[in-house]
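Here is the naming used below: chain letters follow the sequence lines, and residue numbers restart at 1 for every chain. Computed from heavy atoms alone, side chains included, the values below leave out hydrogens, waters and symmetry copies.
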There are 2 protein chains.
Amino acid sequence: MEDLETRELRYFVAVAEELHFGRAAVRLGIAQPPLSRAIGRLERRLGVRLLDRNRRGVALTDAGRVLLREARAALDAVAAAARRTRRAGDPKRPLVLASKAGASHELLQRLLDALASEPGAAPVEVLLCEVGEQARLLRDGRADVALMHRPFDDLAGFDTEDLCVEGQVAILPAGHPLASRDQLTLADVRDVPDLPIARWPRLDGSYPDGPGPEVHTQSQLAQLVALGRTLLVIPASSRAWQWPEHVAVPVVDAPNVTTVIAWPPSSHSPAVASLVRSAARLRDTAPPSPAGPRTTRLRTAIAQKD
Amino acid sequence: MEDLETRELRYFVAVAEELHFGRAAVRLGIAQPPLSRAIGRLERRLGVRLLDRNRRGVALTDAGRVLLREARAALDAVAAAARRTRRAGDPKRPLVLASKAGASHELLQRLLDALASEPGAAPVEVLLCEVGEQARLLRDGRADVALMHRPFDDLAGFDTEDLCVEGQVAILPAGHPLASRDQLTLADVRDVPDLPIARWPRLDGSYPDGPGPEVHTQSQLAQLVALGRTLLVIPASSRAWQWPEHVAVPVVDAPNVTTVIAWPPSSHSPAVASLVRSAARLRDTAPPSPAGPRTTRLRTAIAQKD
DNA sequence: ACCTACTGATACCTGCCGGGTATCACAGCC
DNA sequence: GGCTGTGATACCCGGCAGGTATCAGTAGGT
């Protein structure tokens, strides 16, 4: 019943992701036989079958799926331990704040300004990342704190503080008929035949079925909109998407999006606590649009550049 | 930069807790020299000094304190991975529900009754534990779901759903003057000279200073109250404490206590989700105290399956 | 049916590293 | 100064991780 080693977990994750011992071994930089042995020993020690080795390839069992999820979390925790310890030893470590590239730009700007003007605040390093990447950065210790968006991002396992609430806009190619409307509903933008919703890859890299184009970066998507191939519904403050060729139209019945500041619950760092306090103070004293209370709806119709 | 092994983390935690290489080695069942080497290698790999080896013993550095906290979390995550995987392989595994012994007894009773009468529900095993133990049981995979109490328990890192809100009562020895009152305030019960508040051990086993008796189990404390040596302020539904020699008097200005059902955010198990749904349904249909203030927030955000 | 290609499992060897014993170096303390 | 107790160092040994070579089963092409 002695507990698992991280090496075994890494090996299992590699095999479970590749579903192929040979490729997994290459990825791990070892030969295939030791990998087979390690997985076999893991199954023996856990007393559970993790993989179905059928004809031509490998499939995960139910227990294997559980271990894949748990092992990823455990490996993240181990990596976070190493990273946070290294950074704790660095006397003038900056705090790392992760934010989705292009999202909540004004909020981030004001937050950084406020921190810069505060005398005792620790320096902050900003890490701009792709959609959904913040959670992993927080979990494995590469970031100390992150700006995330409810209900889009998975906030499970983090402590959070709401910062602001805003509506959503549809981003359309400028020439499209819908672009001339001054407001839309979800029904209007759902199933527009010539503007199918784009598809993002799943964790395993595969794409869901559907008519829309396949994308994996924000720039791709923004360009596809400009080309008149798809449309988006995003929070009003997202800036990276909005090209001159785009038109933003408020979607009145889309669910509101809350920008939150999130941090790992294990964090007892005073620097993180003080950053969160600064962010909350910012929210309470300087609402982004005048006359708004804490939950200001910033539905400012985005000015079309020129 | 290759990542840490769980063995190294276990070794470090042992040393950090014992603050003594020899004793830590005994606890780990190895000799002292390999332990020194392992810690030394860990420090070299992390590039950080973890321990101050001064004259006569060892002290943690700041980085060491960070690693101690992170390593415990990581080891829990690894242990949870093993436990949950084993249980996933067991076809007729019961769900494990952890609850503080003696707390929320009626709620627990009704929950179990409701589950027993539900046709498709998985069997539930109840794990009664000491104060504050639920969080660790959830974190390291020994429990799937737990009843916890805000603001007493640390809910950081778990998903929760509120179940009920209740006031608090003071538990007094029957003969005491205060016991004849029909209600009290916090000012009444604070600093009663002959009934000082009891002291619980900290994580490291030491006790805070103060006049009250030292306790580490609920039964001890209940008996001390019966003996007229201390008093308690606890949620009204806590039953384990209430002996015939006790009198419970409502404390009108004590903060309300919310009983919540909590589960690890990684849990995508449909069995856990259905149990939480049952608990929420129970709350919404059969309030524990008629006309009592209760929260009817149904925020079913349970992730469904993998 | 054959052969072939490709899969993961097995056999066996080797070198490294984790763990053991013996000892050292250093500090406090009678 | 010796004594005691600490962690570090030196050195040896055995087990296990990792390598190569090979086997074994299955799908597919002919």
Side-chain angles (χ1 to χ4, degrees), chain A residues 1-61 63-65 67-68 71 75 78 82, chain B residues 1-61 63-65 67-68 71 75 78 82:
Chain A
M1 189 69 88
E2 74 282 0
D3 53 18
L4 313 178
E5 288 299 325
T6 63
R7 185 171 10 84
E8 309 182 272
L9 294 179
R10 267 184 298 128
Y11 286 7
F12 175 75
V13 169
V15 174
E17 286 179 353
E18 299 282 350
L19 292 178
H20 190 289
F21 279 74
R23 281 193 298 273
V26 171
R27 198 173 104 183
L28 292 166
I30 65 172
Q32 170 260 321
L35 182 55
S36 285
R37 259 192 316 170
I39 301 296
R41 185 179 45 236
L42 192 59
E43 289 181 315
R44 237 182 319 108
R45 288 219 306 225
L46 291 172
V48 170
R49 199 128 195 88
L50 299 170
L51 298 167
D52 278 330
R53 288 89 150 165
N54 298 6
R55 56 339 178 328
R56 223 72 170 179
V58 182
L60 283 170
T61 63
R65 265 182 292 275
L67 183 58
L68 178 57
L75 290 174
V78 171
Chain B
M1 189 67 92
E2 74 283 358
D3 54 16
L4 313 179
E5 288 297 325
T6 65
R7 186 174 6 88
E8 308 181 271
L9 294 179
R10 266 183 298 133
Y11 286 5
F12 174 75
V13 169
V15 174
E17 286 180 352
E18 300 283 347
L19 292 177
H20 191 288
F21 279 73
R23 283 194 297 275
V26 170
R27 198 173 105 181
L28 293 166
I30 65 172
Q32 170 259 320
L35 182 56
S36 285
R37 256 192 317 170
I39 301 294
R41 185 179 47 234
L42 192 59
E43 288 180 316
R44 236 181 321 108
R45 287 221 302 226
L46 290 173
V48 170
R49 198 127 193 88
L50 300 170
L51 299 168
D52 279 330
R53 287 91 151 164
N54 298 6
R55 68 288 170 28
R56 226 69 169 179
V58 183
L60 283 170
T61 64
R65 265 182 292 277
L67 183 58
L68 177 57
L75 290 174
V78 171

Assuming nearest nucleotide by heavy-atom distance, tell me which of R37(B) and P33(B) is located more 5' along DNA chain C.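 Closest to the 5' end, via its nearest nucleotide, is R37(B).
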
Which atom names give the shortest non-hydrogen contact between A59(B) and L19(B), and what distance separates them?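 Here A59(B) and L19(B) meet closest at CA-CD2, 4.3 Å.
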
Give the minimum heavy-atom separation between L75(B) and T6(B), together with the two atoms involved.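 It is CD2-O, 3.9 Å.
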
Given [options], the nucleotide with the shortest approach to the side chain of [X]:
X	options	value
R41(B)	dG19(D), dG18(C), dG18(D)	dG18(C)
H20(A)	dG19(D), dT7(C), dG19(C)	dT7(C)
F21(B)	dG8(C), dA8(D), dG19(D)	dA8(D)

With respect to the phosphate group of dA9(C), does any side-chain polar atom (N or O) of S36(A) fall under 4.0 Å of OP1 or OP2?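 For dA9(C), OP1 or OP2 has a side-chain N or O of S36(A) closer than 4.0 Å.
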
Would you say R53(B) reaches dT6(D)'s phosphate, i.e. side-chain N/O to OP1/OP2 under 4.0 Å?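 Answer no for this pair, as no side-chain N or O of R53(B) is under 4.0 Å from OP1 or OP2.
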
Give a yes or no on whether a salt bridge exists between R10(B) and E5(A), defined as a side-chain N under 4.0 angstrom from a carboxylate O.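 E5(A) and R10(B): salt-bridged.
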
Under 4.0 Å between any heavy atoms, over every strand shown, what does R23(B) touch: base, sugar-phosphate, or nothing? Just pick one.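 Contact class for R23(B): none.
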
Give G40(A) one of three labels, base, sugar-phosphate or nothing, depending on what nucleic acid heavy atoms sit under 4.0 Å from its own.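 The residue G40(A) makes no contact with any strand.
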
Examine distances only and state if a side-chain atom of E43(B) and a backbone atom of L51(B) form a donor-acceptor pair shorter than 3.5 Å.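 Yes, the answer is positive, given that a donor and an acceptor are paired below the 3.5 Å cut-off.
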
